[in-house]
Amino acid sequence: MSLQIWIWIIVGLTFALYIGIAIWSKAGSTNEFYIAGKGVNPIANGMATAADWMSAASFISMAGIISFIGYDGSVYLMGWTGGYVLLALLLAPYLRKFGKFTVPDFIGDRYYSNVARTVAVFCALIVSFTYIAGQMRGVGIVFSRYLEVDINSGVFIGMGIVLFYAILGGMKGITYTQVAQYCVLIFAFMVPAIFISIQMTGNPIPQLGFGSQSADGVYLLDKLNGLHEELGFSEYTSGSKSTLDVFLITAALMIGTAGLPHVIVRFFTVKKVSDARKSAGWALLFIAILYTTAPAIAVFARTNLIETVSEKEYSTMPYWFKKWEDTGLLTYDDKNDDNIIQYFGDEQLNELTIDKDIMVLANPEIAQLPNWVIALLAAGAIAAALSTAAGLLLVISSSISHDLIKRMVKPDISDKGELIAARISAFFAVLLAGYFGINPPDFVAATVALAFGLAAASFFPAIVLGIFYKKMNKEGAISGMLIGILSMLFYMTKFKFGWFGGGGPEDWWFGISPEGFGTIAMLINLIVSITVSNFTSQPPEKIIKLVENIRLPSDDDL
């Protein structure tokens, strides 16, 4: 069968599965809409958490950016895996015991202030919309290539699908949909990797294959370094980023995890704290399968790409090359009119421009794998983007309906009224998310990295100090969150959008990238929070006792 038929069959079947699950698990109460009725099995919750965590950035963009920048791309691997461990071990059990399933709810109650809650809602919306922009961009890229529509139309299709099962099923529907999406995305990610690992090295284990010898007896990484050297690219296995920036980006990704509302809420969908710990362990195992494979896919894709296109006649390029050209994500400019593709590290000589986000998707096509494998990868990429987008939509809708309307604007609203408000909020949120997906600030992984920086700058100190520092008060938390998020927004808009007289990388302060500045903004938040707390009144005695209590194990922990 042709590739297009395979794509329609496999993608169609997965969509039917997601929609069927959404109808089966329709939420009938706010408890089911927000936290799935606290009835999810830890293993299922681990799969759902992994799908929520492994967004389009993990599936599509992470291996893509590693394939282009090599060693420097390791910051994403270290930051995102380390960040999940930090969240699961340091914060999740305490937040689960506190009993508040949204970050604004935790901050509002811990800091006994509706002003703090409002600031937290503001921060949560900024973080979530930045994050969801990357997911919608990923959906658009997948649809533009495989359904042969333009990227904007792809974003609109993705919006419709996410809106359907997020609004209908809420967290209950999203959880069980994400279990299915995890199975789809991990199978889709691993099958091409295993195929190509066998093809290039004879080793069926990708994690070992990319460190093995290729068919010509040369170690694959040495071969790739040689290709890079010939074409004028920087050596694949050595970095060009400053050590300071690498450290700051990694730290921002790690600590930003602690403030990601769509991941934190997953620890409330199980019955008890001990189940939250179990699901965290299962999720880490499920996440590790993809994250340990990504560097291998990056090497396979980069090597195959260079050998396929460099110094080859444009007219002889295979089918996939022309199809990606149609999307505008791959462009060829024949500067010397010789019909030979000159792919070089020197911008003056280079004739080929490749979007980093297409590498994983184009990888099985470049390697000439069977059509069903390519179609499977498309379904997996869509599953990765949609699973996280749905989780983020729920956070946005719950921030508005629960944290603003229920807790502040109209406390006497009925359960049914709150559920309607949540669904209406999700509807308008997906429209705004679609706009950001069409007009993203950067490629998928970088856009998501900015969301982590915003979360680090705003939430991390407020959450950590709220759990471990009894003297932390509302004045300190509010001041810290506001200064932290505004600092990050200023730096991000200055150097990503050119506001406030911003410039290129040569103008970055001390060589710190916008992705890495989240760590600096977090430190500013931390210093301001502690300083203001020490010069203002202590929290009420009941809050101090509450903080002491959440650090003590309860019966269900044993």
Side-chain angles (χ1 to χ4, degrees), residues 86-87 90-91 94-95 97-98 100 102-128 130 248 251-252 254-261 264 399 403-404 407-408 450-494 500 509-510 512 514 516-551:
L86 178 71
L87 172 64
L90 181 65
L91 300 177
Y94 302 110
L95 291 171
K97 188 175 180 185
F98 194 89
K100 301 300 176 184
T102 71
V103 173
D105 215 7
F106 167 80
I107 288 175
D109 283 12
R110 166 58 181 86
Y111 296 111
Y112 49 97
S113 167
N114 276 340
V115 175
R117 189 190 308 275
T118 303
V119 172
V121 169
F122 168 74
C123 294
L125 292 176
I126 290 176
V127 170
S128 297
T130 305
L248 292 177
M254 287 183 65
I255 59 183
T257 306
L260 289 179
I264 289 173
S399 293
D403 297 316
L404 277 182
R407 299 302 301 268
M408 295 171 62
L450 291 173
F452 277 73
L454 288 164
S458 55
F459 287 135
F460 184 75
I463 294 174
V464 171
L465 293 174
I467 294 171
F468 298 104
Y469 186 47
K470 291 184 288 186
K471 295 181 180 179
M472 185 66 185
N473 63 16
K474 63 181 179 181
E475 291 84 1
I478 293 167
S479 304
M481 283 191 295
L482 281 174
I483 292 175
I485 191 110
L486 291 175
S487 300
M488 181 61 187
L489 283 172
F490 168 77
Y491 199 83
M492 185 177 90
T493 53
K494 180 178 176 67
F500 312 110
W509 299 349
F510 305 103
I512 300 171
F517 192 77
T519 301
I520 302 298
M522 181 277 296
L523 292 173
I524 294 171
N525 180 338
L526 191 67
I527 292 167
V528 168
S529 298
I530 294 174
T531 302
V532 171
S533 290
N534 285 333
F535 284 95
T536 48
S537 58
Q538 283 198 7
E541 189 63 30
K542 66 176 183 178
I543 297 297
I544 293 174
K545 289 182 179 178
L546 180 67
V547 174
E548 290 173 346
N549 180 61
I550 64 172
R551 297 208 302 266

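These numbers were taken from a predicted model, which means no experiment stands behind them.
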Between F459 and A124 the two heavy atoms that sit nearest each other are CZ-N, 3.5 Å

Side chain of N534, backbone of I530: donor and acceptor closer than 3.5 Å? yes

So do L454 and L489 actually touch side chain to side chain, heavy atoms under 4.5 Å? yes

To the nearest 0.5 Å, atom CD of E475 lies from atom OG of S537 at 5.0 Å

Between M472 and G476, what is the shortest heavy-atom contact and its length? CE-C, 3.5 Å

A side-chain contact here means heavy atoms from C-beta on lying under 4.5 Å apart; do I544 and Q538 qualify? yes

Could you tell me the separation between the CD1 atom of I524 and the OG1 atom of T519, rounded to the nearest 0.5 Å? 11.0 Å

Would you check if R110 and I463 make a side-chain contact, meaning some heavy-atom pair closer than 4.5 Å? no

Considering all heavy atoms of both residues, which atom of G516 and which atom of A252 are nearest to each other, and what is their separation? O-CB, 4.5 Å

Under 3.5 Å: donor-acceptor pair, side chain of S458, backbone of C123: no

Side-chain donor or acceptor of N473 paired with backbone N/O of Y111 under 3.5 Å: no

Hits for side chain to side chain donor-acceptor pair (under 3.5 Å) against R117, two or more places apart or cross-chain, chain-then-number order -> D105, D109, N114

Output the distance between atom CG (L486) and atom CD1 (I483), rounded to the nearest 0.5 Å. 8.0 Å

Would you call the rings of W509 and F490 parallel, tilted or perpendicular, taking 30° and 60° as the class edges? tilted

Distance, nearest 0.5 Å, that separates OG of S533 from OH of Y469: 6.5 Å

For A116 and I107, work out which heavy atoms get closest and say how close. O-CG2, 3.8 Å

How close do A521 and A457 get, counting heavy atoms only, and between which atoms? CB-CB, 3.4 Å

So, N525 side chain and P461 main chain: donor-acceptor pair closer than 3.5 Å or not? no

Are T531 and F535 close enough that some pair of their side-chain heavy atoms sits under 4.5 Å apart? yes

So I520 and M488, side chain to side chain contact (heavy atoms under 4.5 Å, CB included) or not? Walk me through it. CA-CA 8 Å; I520 302 298; M488 181 61 187; over 6 Å; no

Between atom CE of M522 and atom CD1 of I255, what is the distance when rounded to the nearest 0.5 Å? 3.0 Å

For the student: nearest non-hydrogen atoms of I467 and F106, plus distance: CG1-CZ, 4.1 Å

In the structure I gave you, are the side-chain heavy atoms of F122 and V127 within less than 4.5 Å of one another anywhere? no

Heavy-atom distance under 4.5 Å between the side chains of V464 and Y94, does that happen here? no

For atom CZ of F468, decide whether the heavy atoms of other residues, nucleotides or ligands shown that lie under 6.0 angstrom number more than 12. yes

Can you list every salt bridge (charged side-chain N to carboxylate O under 4.0 Å, His left out) pair that touches residues 463-473, not counting sequence neighbours? K470-E548

Note, Y491 side chain near I512 side chain (heavy atom, < 4.5 Å): yes

